There are 2 protein chains.
Amino acid sequence: MKRDSRLSSVLHALLHMAEHDQPMTSETLAQCMTTNPVVVRRTMGLLREAGIVASARGPSGGWTITADLETLTLRDLHNALGEPAVFAIGNRNETPDCLVEQAVNAALHDAFAQAEALLLDHFAQITLATLARDFARRHAARRQTTPHPQE
Amino acid sequence: MKRDSRLSSVLHALLHMAEHDQPMTSETLAQCMTTNPVVVRRTMGLLREAGIVASARGPSGGWTITADLETLTLRDLHNALGEPAVFAIGNRNETPDCLVEQAVNAALHDAFAQAEALLLDHFAQITLATLARDFARRHAARRQTTPHPQE
DNA sequence: CCGAATCGTAATAAATGAAGTTACATGAAA
DNA sequence: TTTCATGTAACTTCATTTATTACGATTCGG
């Protein structure tokens, strides 16, 4: 099953952007994430529509964060990406005539709905600021264990 | 995102089998589920390895349930199918060098792990017998609302 | 105004993975 | 021994995501 990694991707991009004062170009972000600039534009474009980032063209252009990291949550990003399907498991036929299949679908639907609600609630409680601090903590820990890294 | 519908499929098959006294052939099950007999064999073969069903070759052969429906749960079936990935959303890179990405992955991992645990716990509480009764209830309800269906 | 930098986006290709199909071997029953 | 049915390998089809190519539109510096 191929997984949608856009949420992971935009998080990665946003945290890098948060550390930069200047706008970052699609090209730079694409290198960070070992992907293609066009893919970056496409995905970041969705965040722009949601008012989370802004883009500027021309020299010294690129992407900047406009949202407040203290209030921006993973849930916001998930929504901005169009609330993609959370589960890789689903019903064979969503609107079956067969009563047996209807009973099966109903049971699975409940289970999936509960799990999705939990996941999205969890997402709503994680802000980008929290993640940025988590990264800072990891960064400090690494500097401690490897005193002279080549950065 | 293409969803794995094997759990839904085998549930459908098992409930039909539960209503039959005789073994059901892959051909018959395939017709029930509008799929191919080989797909049925492939999927049911996993359940056989888990001791949930048995198969017999030759005339009057086919598939029979060997497990106790009162104790067989959706979780058992999920396990028998090889515990396929539950989520359609994942990390871009599971073992990144980048500390930013590590922080992102860690946060997402927690959220997904909790939701998956909830889902699987839910699955563990739904037995096939429960589903069979649910089907019976729907069947009775339909007979009531449509007094003379052509079945 | 020119030219380089950069985003915007359409169109297309490649990659992935589930499901479906074909073909044939194996085994059981009458 | 014939027929029915599973077992399984190999291959094709189909849908979707991601990557790529190509080019147009915009912005800045000189």
Side-chain angles (χ1 to χ4, degrees), chain A residues 1-10 12-13 17 20 22-49 53-66 81-94, chain B residues 1-10 12-13 17 20 22-49 52-66 81-93:
Chain A
M1 173 68 49
K2 183 157 231 172
R3 293 172 140 185
D4 180 346
S5 61
R6 290 178 304 159
L7 181 58
S8 167
S9 292
V10 299
H12 190 172
M17 287 163 68
H20 262 253
Q22 276 114 35
M24 290 182 76
T25 66
S26 306
E27 181 67 38
T28 308
L29 288 172
Q31 279 170 9
C32 272
M33 307 156 69
T34 56
T35 180
N36 191 292
V38 177
V39 174
V40 171
R41 288 188 205 122
R42 220 155 36 203
T43 312
M44 295 297 280
L46 295 173
L47 301 198
R48 183 186 49 226
E49 286 172 20
V53 299
S55 60
R57 303 201 228 200
S60 81
W63 299 91
T64 45
I65 301 180
T66 53
L81 293 175
E83 307 191 45
V86 166
F87 294 106
I89 298 178
N91 294 325
R92 156 170 292 269
N93 177 353
E94 289 299 337
Chain B
M1 175 69 47
K2 184 155 231 170
R3 293 172 141 184
D4 180 347
S5 63
R6 290 178 305 160
L7 181 60
S8 167
S9 291
V10 299
H12 191 171
M17 287 164 67
H20 263 253
Q22 275 113 37
M24 290 183 76
T25 67
S26 306
E27 181 68 38
T28 307
L29 288 172
Q31 280 169 10
C32 273
M33 306 156 69
T34 56
T35 181
N36 191 289
V38 177
V39 174
V40 172
R41 287 187 206 124
R42 216 150 43 195
T43 313
M44 296 296 281
L46 295 172
L47 301 197
R48 182 186 50 226
E49 287 171 19
I52 295 169
V53 299
S55 59
R57 302 201 231 200
S60 81
W63 300 90
T64 46
I65 301 181
T66 54
L81 293 175
E83 307 190 46
V86 166
F87 295 106
I89 298 177
N91 295 325
R92 157 170 292 269
N93 177 353

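Note that the coordinates shown come from a computational prediction; the quantities given were computed from them, not determined experimentally. Within every chain, numbering begins at 1; the chains are lettered A, B, ... in the order of the sequence lines, protein sequences first and strands thereafter.
- The residue B:G62 sits close only to the backbone: its heavy atoms come under 4.0 Å of sugar-phosphate atoms, none of a base.
- Side-chain N/O atoms of B:S26 include none lying less than 4.0 angstrom from OP1 or OP2 on D:dA5.
- For the atom pair B:T25 OG1 and B:Q31 CD, the distance stands at 7.5 Å (nearest 0.5 Å).
- When rounded to the nearest whole Å, the span between CG of A:L46 and P of D:dT18 equals 12 Å.
- Side-chain N/O atoms of B:R48 include one lying less than 4.0 angstrom from OP1 or OP2 on D:dG7.
- Rounding to whole angstrom units, CD of residue A:Q22 and C1' of C:dA5 are separated by 15 Å.
- The phosphate of D:dA5 (OP1 or OP2) has no side-chain N or O of B:S60 nearer than 4.0 angstrom.
- At least one side-chain heavy atom of A:M17 sits under 4.5 Å from a side-chain heavy atom of A:V53.
- Of the residues in residues 30-42 of chain A, those with a non-hydrogen atom less than 4.0 angstrom from any atom of DNA chain C are A:V38, A:R41, A:R42.
- Per the geometry, CG belonging to A:D4 stands 11 Å off P belonging to D:dA19, to the nearest Å.
- Atoms CD1 and OG1, from B:I52 and B:T66 in turn, are 7.5 Å apart once rounded to the nearest 0.5 Å.
- Straight-line distance from the CD atom of B:E27 to the P atom of D:dT6: 9 Å, rounded to whole Å.
- The CG atom of B:L29 sits 12 Å away from the P atom of D:dG7 (whole-angstrom rounding).
- In this structure, A:R3 does not reach the C:dG17 phosphate: none of its side-chain N or O atoms is under 4.0 Å from OP1 or OP2.
- A:P84 meets the side chain to side chain contact (heavy atoms under 4.5 Å, CB included) test with A:D4, A:R6, A:H78, A:L81, B:I89; sequence neighbours excluded.
- A heavy-atom distance below 4.5 Å is not found between the side chains of B:M24 and B:M44.
- Distance check, rounded to the nearest 0.5 Å: OG1 of A:T64 to NE2 of A:H20 gives 13.0 Å.
- Between B:T35 and A:R92 the shortest side-chain heavy-atom distance falls below 4.5 Å.
- Between the CD1 atom of B:I89 and the C1' atom of D:dT17 there is a distance of 14 Å, given to the nearest Å.
- Under 3.5 Å, the side chain of B:R57 and the base of D:dT6 form at least one donor-acceptor pair of N or O atoms.
- Considering only the side chain of A:R92, C:dG20 comes nearest among C:dG20, D:dT18, D:dT27.
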